[in-house]
Structures are given as C-alpha cells and as structure tokens.
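For reference, the structure is listed below as structure tokens.
Hydrogens, waters and symmetry mates play no part in the numbers below; they use all other heavy atoms, side chains included.
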Amino acid sequence: MCVFARLDSLTQAATVSLFIITFFVQGCAREDKQQCWSDPNQYYIDALSKRLTKNGITHSLHPKGSVPKEEEARVCYLPRFSPDVKKENREIDNYFREVAAVLRDSCEELAYVEWATKEKLPFEVVDTTSLDGKRAGRMFNLYSITPEDVALNRQKLLDHAPRNKRCVKK
C-alpha cells in the first residue's frame, strides 16, 4: 500500500512538472511570434526603425519587396514592445510630413527631385486633391523624424531648393 501511495505522489509530481514546463514553453513560443507594422512609404519605416534602435527596442527591418508579394516595408517586433512601437509612431507622425512645398509645374518638380536625389534627402512627390476630391497638383515632401530635423529641413528647403525652375509657356 505504501508503495502505491509513493508511486501516486511521484506521478502527480511528474504531471505537475510537465504541466509547468508546457506552460512556460507555450508562453515563450507565443512571445517569439512577432507583430509587424507596415507602411507603403519606405522612409516612414526607416524612420520608425531609427527611433526604435535609438530607444533600445529590438526589431527587424524588412524593406519593401524583401519578401515575395510583400508590397509594403515592415518593422517587426515582439508583442511586448507593441506600446513602445505605437508611441514611436505617434512621435513620427508629429514631424514626418511637416516640411513640404507645393510644386507649380513639372519643370519645378523635376528640379526638386534632382536636387533632393543629389543631396540624398528623404523625400517623395505626391498627388494632392482639392476639397471636392479632384486632383489639385503635386507636393514635394521632405521627411523629418525629430523637431530638429524639421528645423534643418525647413532651412534646406529655404536656402538650397531650386527656385524659379518653371516650364516656359509657349
């Protein structure tokens, strides 16, 4: 009788141990499953990656097209960093599209693109729409990720961007 009682205790201890090990392994496996933040703008994802790196948040960067059929750039991170990633996204949104210029014609657009490309600046030219939803023109965005970037980029736009590069009307 004592032998069976002892065997029962060992079986229970083994069962409890197995349960605890399974619980921790499943918890770790769930933690390894990454979440991703994606955006069609590679500069935005690069800005997010820089801010995450600066703040010591572990993540991986996946440029646009790095995975077959993946149309957007991505930053992936462990779920426990989700609040930090959301906070950094809000910060980036405060400054990212702050510096811009409305382009008057295709010649001015070409001049801005050539200048920004030569200077290796993070930029994009986008269509704008009017209040009634019709195409209203093009805008040059010079991307910033900090208040200091905004001030620096505004100065670059004022001091160095091409001026009066309009198409000649016939």
In one Ile/Leu/Val/Met/Phe/Trp/Tyr side-chain cluster, 4.5 Å: L78, V75 | yes

Is a side-chain donor or acceptor of S49 paired with a backbone partner of I45 at a separation under 3.5 angstrom?
-> no

Parallel, tilted or perpendicular: rings of F140 and W115 (30°, 60°) = tilted

Could you state the interatomic distance from CD (E72) to NE2 (H62), rounded to the nearest 0.5 Å?
-> 14.0 Å

Tell me whether Y43 is reachable from Y95 by hopping between hydrophobic residues (I, L, V, M, F, W, Y) whose side-chain heavy atoms are closer than 4.5 Å.
-> no

Residues pairing under disulfide (SG to SG under 2.5 Å) where one sits in residues 124-165, two or more places apart or in two chains, turn out to be none

Please list all pairs passing the ring-ring contact (aromatic ring centres under 6.0 Å, His included) test where one or both residues lie in residues 147-170, with sequence neighbours left out.
-> none

Within a strict 4.5 Å, meaning less than it, do heavy atoms of the P79 and K33 side chains meet?
-> no

For N153, all residues meeting side chain to side chain donor-acceptor pair (under 3.5 Å), sequence neighbours excluded = S144

Quiz: residues 101-112 side-chain donor-acceptor pairs under 3.5 angstrom, not counting sequence neighbours:
from, atom 1, to, atom 2, distance (Å)
R104, NE, E108, OE1, 3.4
R104, NE, E108, OE2, 3.4
R104, NH2, E108, OE2, 3.0
D105, OD1, C107, N, 3.1
D105, OD1, E108, N, 2.9
D105, OD2, R166, NE, 3.3
D105, OD2, C167, N, 2.9
E108, OE1, R104, N, 2.6
E109, OE1, R138, NE, 3.1
E109, OE2, R138, NH2, 3.0

Taking atom CZ of R51 and atom OG1 of T53, what is their separation to the nearest 0.5 Å?
-> 11.5 Å

Take L52 and F81 through the side chain to side chain contact (heavy atoms under 4.5 Å, CB included) test and state the conclusion after the steps.
-> CA-CA 10 Å; L52 295 176; F81 294 124; over 6 Å; no

Could you name each residue pair satisfying salt bridge (Lys or Arg N to Asp or Glu O under 4.0 Å) that touches residues 145-162, not counting sequence neighbours?
-> E98-R154

How long is the span from the CD1 atom in I57 to the NZ atom in K87, to the nearest 0.5 Å?
-> 7.5 Å

Is there a donor in the side chain of Q34 and an acceptor in the side chain of Y77, or the other way round, less than 3.5 Å apart?
-> no

Going from CG on D93 to CD on E88, what distance comes out if it is rounded to the nearest 0.5 angstrom?
-> 11.5 Å

Those residues at least two apart in sequence (or on a different chain) that pass side chain to side chain donor-acceptor pair (under 3.5 Å) with S130 are D132

N89-Y44 side chain donor-acceptor pair, cut-off 3.5 Å | yes

Show your working on side chain to side chain contact (heavy atoms under 4.5 Å, CB included) between Q35 and C76 and close with a plain yes or no.
-> CA-CA 5 Å; Q35 294 178 335; C76 297; over 6 Å; no

Residues passing the side chain to side chain donor-acceptor pair (under 3.5 Å) test with T58, sequence neighbours excluded, are none

Could you list who else is in L152's hydrophobic cluster, with ILVMFWY side chains joined at under 4.5 Å, directly or through other members?
-> none

Non-hydrogen side-chain atoms of K86 and P83 separated by less than 4.5 Å = no

Any salt bridge (Lys or Arg N to Asp or Glu O under 4.0 Å) involving residues 35-49? Give me the pairs, sequence neighbours left out, ordered by first then second residue.
-> none

Same cluster (ILVMFWY, side-chain, under 4.5 Å), L157 and F96 = no

For the hydrophobic clusters of this structure (ILVMFWY residues joined by side-chain heavy atoms under 4.5 Å, transitively), does one cluster hold both I145 and V99?
-> no

How many angstroms lie between CG in L48 and CD1 in I92, if you round to the nearest 0.5 Å?
-> 4.5 Å

Can you pull the disulfide (SG to SG under 2.5 Å) pairs that have at least one residue in residues 118-152, sequence neighbours excluded?
-> none

Give, for atom OH of Y143 and atom CG of N41, the distance between the pair rounded to the nearest 0.5 Å.
-> 4.5 Å

Output all residues satisfying side chain to side chain donor-acceptor pair (under 3.5 Å) with D84, sequence neighbours left out; order by chain, then residue number.
-> none

After noting the C-alpha distance and the side-chain angles of T129 and K134, does the key distance pass the side chain to side chain contact (heavy atoms under 4.5 Å, CB included) rule?
-> CA-CA 5 Å; T129 54; K134 295 181 180 168; over 6 Å; no

Results of salt bridge (Lys or Arg N to Asp or Glu O under 4.0 Å) for R90 - residues two or more places apart only | none

